[in-house]
Number of protein chains: 2
Amino acid sequence: MTETAPRPTLEAVAARAGVSRATVSRVVNGGQGVREPLVERVRRAVEELGYVPNQAARSLVTKRHDAVAVVIAEPETRVFADPFFALQLRGISKELTAHDSQLVLLLTGGRADHARVGRYLAGGHVDGALVFSLHFDDPLPELAQRAGVPTVFGGRPGWGEGTRSAVYVDSDNRGGARDAVRHLVGLGRGRVAHITGALGQTSAVDRLDGFRDVMVDVDPRLIVEGDFTPAGGERAMRLLLERCPDLDAVFAANDLTASGALRVLRAQGRRVPEDVAVVGFDDMLPVAEQTDPPLTTIRQDIEEMGRLMASLLFRALERRGGGSYRDAGSGVGGGPSSVVLPTTLVRRASA
Amino acid sequence: MTETAPRPTLEAVAARAGVSRATVSRVVNGGQGVREPLVERVRRAVEELGYVPNQAARSLVTKRHDAVAVVIAEPETRVFADPFFALQLRGISKELTAHDSQLVLLLTGGRADHARVGRYLAGGHVDGALVFSLHFDDPLPELAQRAGVPTVFGGRPGWGEGTRSAVYVDSDNRGGARDAVRHLVGLGRGRVAHITGALGQTSAVDRLDGFRDVMVDVDPRLIVEGDFTPAGGERAMRLLLERCPDLDAVFAANDLTASGALRVLRAQGRRVPEDVAVVGFDDMLPVAEQTDPPLTTIRQDIEEMGRLMASLLFRALERRGGGSYRDAGSGVGGGPSSVVLPTTLVRRASA
DNA sequence: GTGAAAGCGCTAACAT
DNA sequence: ATGTTAGCGCTTTCAC
């Protein structure tokens, strides 16, 4: 175990350098308006003492934390099983680094954690929050709101109370779904099935809506609920083949679901795409390119979504000038507004 | 974007309840030694104002943060591609929740991030740190040490300067590897190959040592370096088949590596386990059970490792009584010491 | 049992 | 350009 070194304070550095605390503070924070010889003396003292500013003390007065919370409303197991989050975090991470902000990841796998997360956000540990994977009944938007923490959502939140003015970044789920289904129809398929995502999330609902936009009056047995996991895809596919052995195409709500469906199709001797054409959603490379056959899917730029979320958050932070974020943006009009990113069809072998 | 509510302070609550700040503080922190009617009044005021303590202010005086940093020295893409981390985090998460501590995840994908992580740790945001996936040249142990933050490592750290007294939790990598290789030998295999992990990490080195313990004087061409990823496993397996077409068994440094190796073996028409027997390491269920054929492997209880790391950290925190951790443990003798967990062979179809 | 007051370590006016 | 000083919001002696 590491030793307990009693950390030196500003005071100590000042004493050592023979200057006032204010001067040390100035040097530590960029050294503006301090003459060279003094800067040098202070720097040396800092070095010798191994001084590092106490952030709690600093935040107390500046109201800044240089940290942003990323809240993911899923249990660890799902978060880490789905490459989706990795990509999104990557985008966020890049943007935060550019703003010299720390990324603080909070996973909230269940009701019990919510209180803790709420306390953390309200406790003033972070300048803002990026919240993902919201479910319809989720209290998180409320919590963030009441905590007074500027928040940007990943994916359109379901309409909760205080969510009307929420800023979010989303993909054009409905439009992408329409493209996927039109592609299948264009291939001459008439019995197109849909395995939905977890319908507690707007992305799943939107994709279902897109499916329906094209397949009006579809046989309801051709729609089965999944949950965005491979296992869910397998289950749904089996059910589908049982109920509608004559289906000739499947639109799966995401690539993971499609991969499960493909396994079942192969196991039951259906050839893809000859007998059944399959289209996924996400274009998660490690999944879509590894399936057999490789997956035709709807691409969304997930990393960019993450980057954009962080970027919107910083824009908001600058506007409100919270704490010392006083290099406020030009700030004409209201805060930043939501963004919906386009999707594109990526054709591989499965459809 | 959420609105900016000016957060109420202790002072405000005190005024509203008609008591002193001290009393409010007492109530907020458990209400010991305050009479019932007052407690009630204060509670109501807290409720009405939506008061939440400012953690920066609190930490400034208590020196406690009720938060623990988990530092993973890998880029996001790897962290999220490897179920290993998910499991470990799960164990940690459980233990932290039990201690009502927040988990703050810091990913450090490159040299550039190290400074930021170091500053974060030294800045006094957390009570302790749990550090993973260390590489030999990693400056992280040094940083944590100098930051004066109690730290527990996941996996034996390579011997850096200040690492002599490091506390860590590890699996018996060497012993497990021996078991794996002995199992293969017991199956009558004579040409046993080894695909190593990333040799910059002690776990990979220890497993290689275990392999060598059993296969003394092994043909050096039977050892190929991998990197703990499926792609690395594929690459290594191809090289192995080219150099030693007569090999009849493979011990892969982890399950992910084994899965890559299996793909190549199948593609090249080798039957597993008839022609080539394969053993992995980790017993990562989503991987080991899904391969074709299911993988014989060495199980380590990863979740338990995580739980244990957190548990050791808390024990250390209690001992040092840092800040108000004054319910110090019985504290006889030195701090907690490292733990090495046993492994077990899990037999499936591949060997 | 309750309140008054002294800081925790830092930044930001304000003086000089 | 540098120093002095007043807090930031909270906990914690110490009196009452």
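Order of the sequence lines fixes the chain letters, A, B, ..., with proteins taken first and strands second; residue numbering starts at 1 for each chain. Only heavy atoms go into these numbers, but all of them, side chains included; no hydrogens, no water, no symmetry mates.
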Does a nitrogen or oxygen in the side chain of [X] sit under 4.0 Å from OP1 or OP2 of [N]?
X: B:K63; N: D:dT11; answer: no
X: B:S25; N: D:dT11; answer: yes
X: B:R35; N: C:dG1; answer: no
X: B:N54; N: D:dC8; answer: no
X: B:S20; N: C:dG3; answer: yes

Point to revise | Given DNA chain D, 5'-ward residue of the pair B:A22 and A:V34, judged by closest heavy atom | key: A:V34
Separation of [X] atom [atom1] from [N] atom [atom2], in whole Å?
X: B:E11; N: D:dT11; atom1: CD; atom2: C1'; result: 14 Å
X: B:R64; N: D:dT12; atom1: CZ; atom2: P; result: 10 Å
X: A:L10; N: C:dG9; atom1: CG; atom2: P; result: 10 Å
X: A:Q32; N: D:dT2; atom1: CD; atom2: C1'; result: 15 Å
X: A:N29; N: C:dA12; atom1: CG; atom2: P; result: 7 Å

Practice item. State whether B:R119 and A:D100 are salt-bridged, where the test is any N-O pair (Lys NZ or Arg NE/NH1/NH2 against Asp/Glu carboxylate O) under 4.0 Å. Key: yes
Check your understanding: If you measure from the Lys or Arg side-chain nitrogens to the Asp or Glu carboxylate oxygens, is any gap between A:E304 and A:R307 under 4.0 Å?
Key -> yes
Exercise for review: Kindly check if the number of other-residue, nucleotide or ligand heavy atoms within 6.0 Å of CD (A:E36) is above 12?
Suggested key: yes
Check your understanding: Is there a donor N/O on one and an acceptor N/O on the other, under 3.5 Å, for the side chain of A:R26 and the base of C:dT11?
Key -> no
Check your understanding: Using the ring of each side chain (for Trp, its six-membered ring), is A:F132 parallel, tilted or perpendicular to A:F85, with breaks at 30° and 60°?
Key -> perpendicular
Taking only the side-chain heavy atoms of [X] (C-beta and beyond), determine which of [options] contains the nearest atom.
X: A:R21; options: D:dT2, D:dT12, D:dG7; answer: D:dG7
X: A:L38; options: D:dC10, D:dT2, C:dC10; answer: D:dT2
X: B:T23; options: D:dT11, C:dG3, C:dC10; answer: C:dG3
X: B:L60; options: C:dG3, D:dG3, C:dC8; answer: C:dC8

Check your understanding: Which comes earlier along DNA chain C counting from the 5' end, the contact point of B:G33 or that of A:V24, where each point is its nearest nucleotide?
Key -> B:G33
Exercise for review: Please determine, by modelled atom types, if B:E74 and B:H135 share a side-chain donor-acceptor pair under 3.5 angstrom.
Suggested key: yes
